[in-house]
Amino acid sequence: MTDPYRPGAPEVPACGGAGPGRAGAAACPPPRGELTAALTEALAREPGRRRLPGRVLAERADAYGDDLQLALHLCYELHYRGWEGVDDGWEWDPGLLGLRQVLERRFLDALRADAQGTGDAVQALEGLVRNRTDGPDVPRFLQHQGEWWHMREYAVHRSLYQLKEADPHAWMIPRLTGRAKAAFVTVEYEEFGAGRAERVHAELFAGLMRDLDLEDAYGHYAHAVPAVTLATVNLMSLLGLHRARRGALAGHFAVLECTSPPGSRRLAETLRRLGAGAAAIGFYTEHVEADAVHEQLVRHEFIGDLLAGEPALAQDVAFGIAATLWLEGRLSEHLLGAWKTGRSSLRAPLG
């Protein structure tokens, strides 16, 4: 099928029309292959009124490709704010859940084969702290060579998570007890603004988007990001929606909280150099300060107590760390590969 995000391609209609619009819901992004074409056609109608894609179509899609990753994203967002015009009944539709299970299995099997970690949660956690001195490659590039358009593209890639920051991890709360629960909720409380709506981290990122002259609406750029970005967001939804994956979700959470300060410091310096506004700079300075404290809570109070009570989760925690780092590494390679040759890293370059 014609790629709808390549120059000269005809516009492909997205899903929508089966239900009323709702506050905060994004418009469905157009399909990227046979799988998402069939899925968006189904979502445009009431549950049960259109046949969903079959198992064969789902199983032959590339585990890391645009078609499968967008299909997962379409499924997962039904558990957040839904899609504009898509019937809420799709969220727990048995047929759609069966399709999602096939897609998730493909994705998880690929990650288990490709994301090689130590298998030891303690070593993996120590590695996060030991190897974070200089921060990730992309913030280093932006600090020293980044231009305004690079920073805007980076914000677009990150917007699919940052505009719902901490939401996927909140599914962990009812699955915890004791010190682990108390420590985890302490970190989440601060991510959600510590009782101040204007300090919610998702709201702070919306301010960054406006400072960079970008749309700040939730999910607005789903159409523009490639599969390599969708995969990083899909992982946390996959882990959060399944209680059995709570150990891996804890590992994912640890990566974000333990590795954030160096990269955030570099990004704040980049924005100062580029002359960005206070909201953009403030988002990253907030993470430098907050996540330095969060790291200790996450490592010792949250994961330490979690594993003391459920030692069998250690291997899952290590897998969550390895899978997160592997997917972030792929995203970094994609961004730097495009930028160092002067190309846009997005499917739909910004104006």
Side-chain angles (χ1 to χ4, degrees), residues 58-69 72-73 76 101-141 157-158 161 168-169 172 225-263 291 295 298-299 302-304 306-307 310-338 345:
E59 288 185 340
R60 73 184 185 205
D62 178 0
Y64 300 123
D66 274 299
D67 208 17
L68 186 143
Q69 290 298 327
L72 274 177
H73 185 63
Y76 288 144
Q101 184 180 47
V102 176
L103 301 175
E104 289 177 334
R105 187 181 304 119
R106 296 285 319 289
F107 188 27
L108 277 175
D109 286 349
L111 285 173
R112 288 193 181 98
D114 296 329
Q116 301 298 319
T118 65
D120 182 289
V122 174
Q123 288 184 20
L125 286 167
E126 290 175 349
L128 289 178
V129 178
R130 184 171 59 250
N131 299 326
R132 75 175 187 178
T133 305
D134 293 327
D137 291 339
V138 170
R140 284 205 301 275
F141 172 89
H157 284 282
R158 291 305 188 190
Y161 167 61
H169 298 112
M172 174 82 73
V225 301
V228 69
T229 304
L230 290 176
T232 64
V233 183
N234 285 338
L235 176 65
M236 65 186 83
S237 295
L238 188 161
L239 300 178
L241 282 166
H242 295 274
R243 187 181 64 82
R245 309 289 176 205
R246 64 194 182 281
L249 183 63
H252 182 283
F253 188 68
V255 174
L256 298 192
E257 297 298 330
C258 294
T259 64
S260 173
D291 290 354
E295 179 234 311
V298 169
R299 288 178 63 204
F302 167 46
I303 293 184
L306 175 67
L307 295 182
E310 296 188 84
L313 292 180
Q315 191 169 359
D316 291 337
V317 171
F319 169 71
I321 292 172
T324 305
L325 293 174
W326 193 79
L327 288 176
E328 287 292 330
R330 288 178 74 246
L331 177 58
S332 293
E333 289 176 6
H334 170 77
L335 295 175
L336 296 177
S345 62

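- Distance alone, capped at 3.5 Å, is enough to place a donor-acceptor pair between the Asp66 side chain and the Ala227 backbone.
- Taking each heavy atom of Asn234 and Gln69 in turn, the nearest pair found is ND2-OE1, 2.7 Å.
- Ring geometry for Trp326 against Tyr64 counts as tilted: the plane angle lies between 30° and 60°, on a 0 to 90° scale.
- To the nearest 0.5 Å, the span separating CD on Glu104 from CG on Leu239 amounts to 9.5 Å.
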Does the side chain to side chain contact (heavy atoms under 4.5 Å, CB included) test come out yes or no for Phe253 and Met172, once each step is laid out?
CA-CA 10 Å; Phe253 188 68; Met172 174 82 73; 5.9 Å; no
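- The side-chain heavy atoms of Leu108 and Phe319, taken from C-beta on, include a pair separated by under 4.5 Å.
- When each of Ile303, Val122, Leu249, Asp120 is paired with Val317, the side chain to side chain contact (heavy atoms under 4.5 Å, CB included) condition holds for Ile303 and for no other.
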Please lay out, stage by stage, how Met236 and Tyr76 fare under the test side chain to side chain contact (heavy atoms under 4.5 Å, CB included).
CA-CA 10 Å; Met236 65 186 83; Tyr76 288 144; over 6 Å; no
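- Leu256 contributes atom CG, which lies 13.5 Å from atom CD of Glu295 (distance to the nearest 0.5 angstrom).
- Checked by atom type and distance alone, the side chain of Arg106 pairs as donor or acceptor with a backbone atom of Ala58 at under 3.5 Å.
- No side-chain heavy atom of Thr259 sits less than 4.5 Å from a side-chain heavy atom of Glu328.
- With a 4.5 Å cut-off on side-chain heavy atoms, Ile321 and Leu125 count as touching.
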I would like to know whether Arg245 and Asp316 meet side chain to side chain contact (heavy atoms under 4.5 Å, CB included); could you show each step before the answer?
CA-CA 7 Å; Arg245 309 289 176 205; Asp316 291 337; 6.0 Å; no
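- At a threshold of 4.5 Å between non-hydrogen side-chain atoms, the residues Leu325 and Val255 count as touching.
- Note that CD of Glu310 and CG of Leu306 are 6.0 Å apart. Values are rounded to the nearest 0.5 Å.
- For Arg105, the CZ atom sits in a packed shell: over 12 heavy atoms of surrounding residues, nucleotides or ligands are nearer than 6.0 Å.
- The distance from atom CD of Glu257 to atom CZ of Arg299, rounded to the nearest 0.5 Å, is 13.5 Å.
- Val233 has its side chain out of reach of Val225: every pair of non-hydrogen atoms, C-beta onward, lies at least 4.5 Å apart.
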Candidate pair Leu331 and Arg158, rule side chain to side chain contact (heavy atoms under 4.5 Å, CB included), full reasoning
CA-CA 11 Å; Leu331 177 58; Arg158 291 305 188 190; 3.7 Å; yes
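- Heavy atoms only, all atoms of each residue included: Ala121 and Leu307 are closest at CB-CD1, 3.9 Å.
- Contact between Ala63 and Phe107 at its shortest, heavy atoms only, is O-CD1, 4.1 Å.
- Across all their heavy atoms, Leu327 and Thr232 have their closest contact at O-CG2, 3.9 Å.
- Side-chain atoms of His334 come within 3.5 Å of backbone atoms of Ser345 as a donor-acceptor pair (strictly under, hydrogens ignored).
- Side-chain atoms of Ser332 and Phe141, non-hydrogen and from C-beta on, never get closer than 4.5 Å to each other.
- One distance of note links NE2 of His157 with CG of Leu230; it measures 10.5 Å at 0.5 Å rounding.
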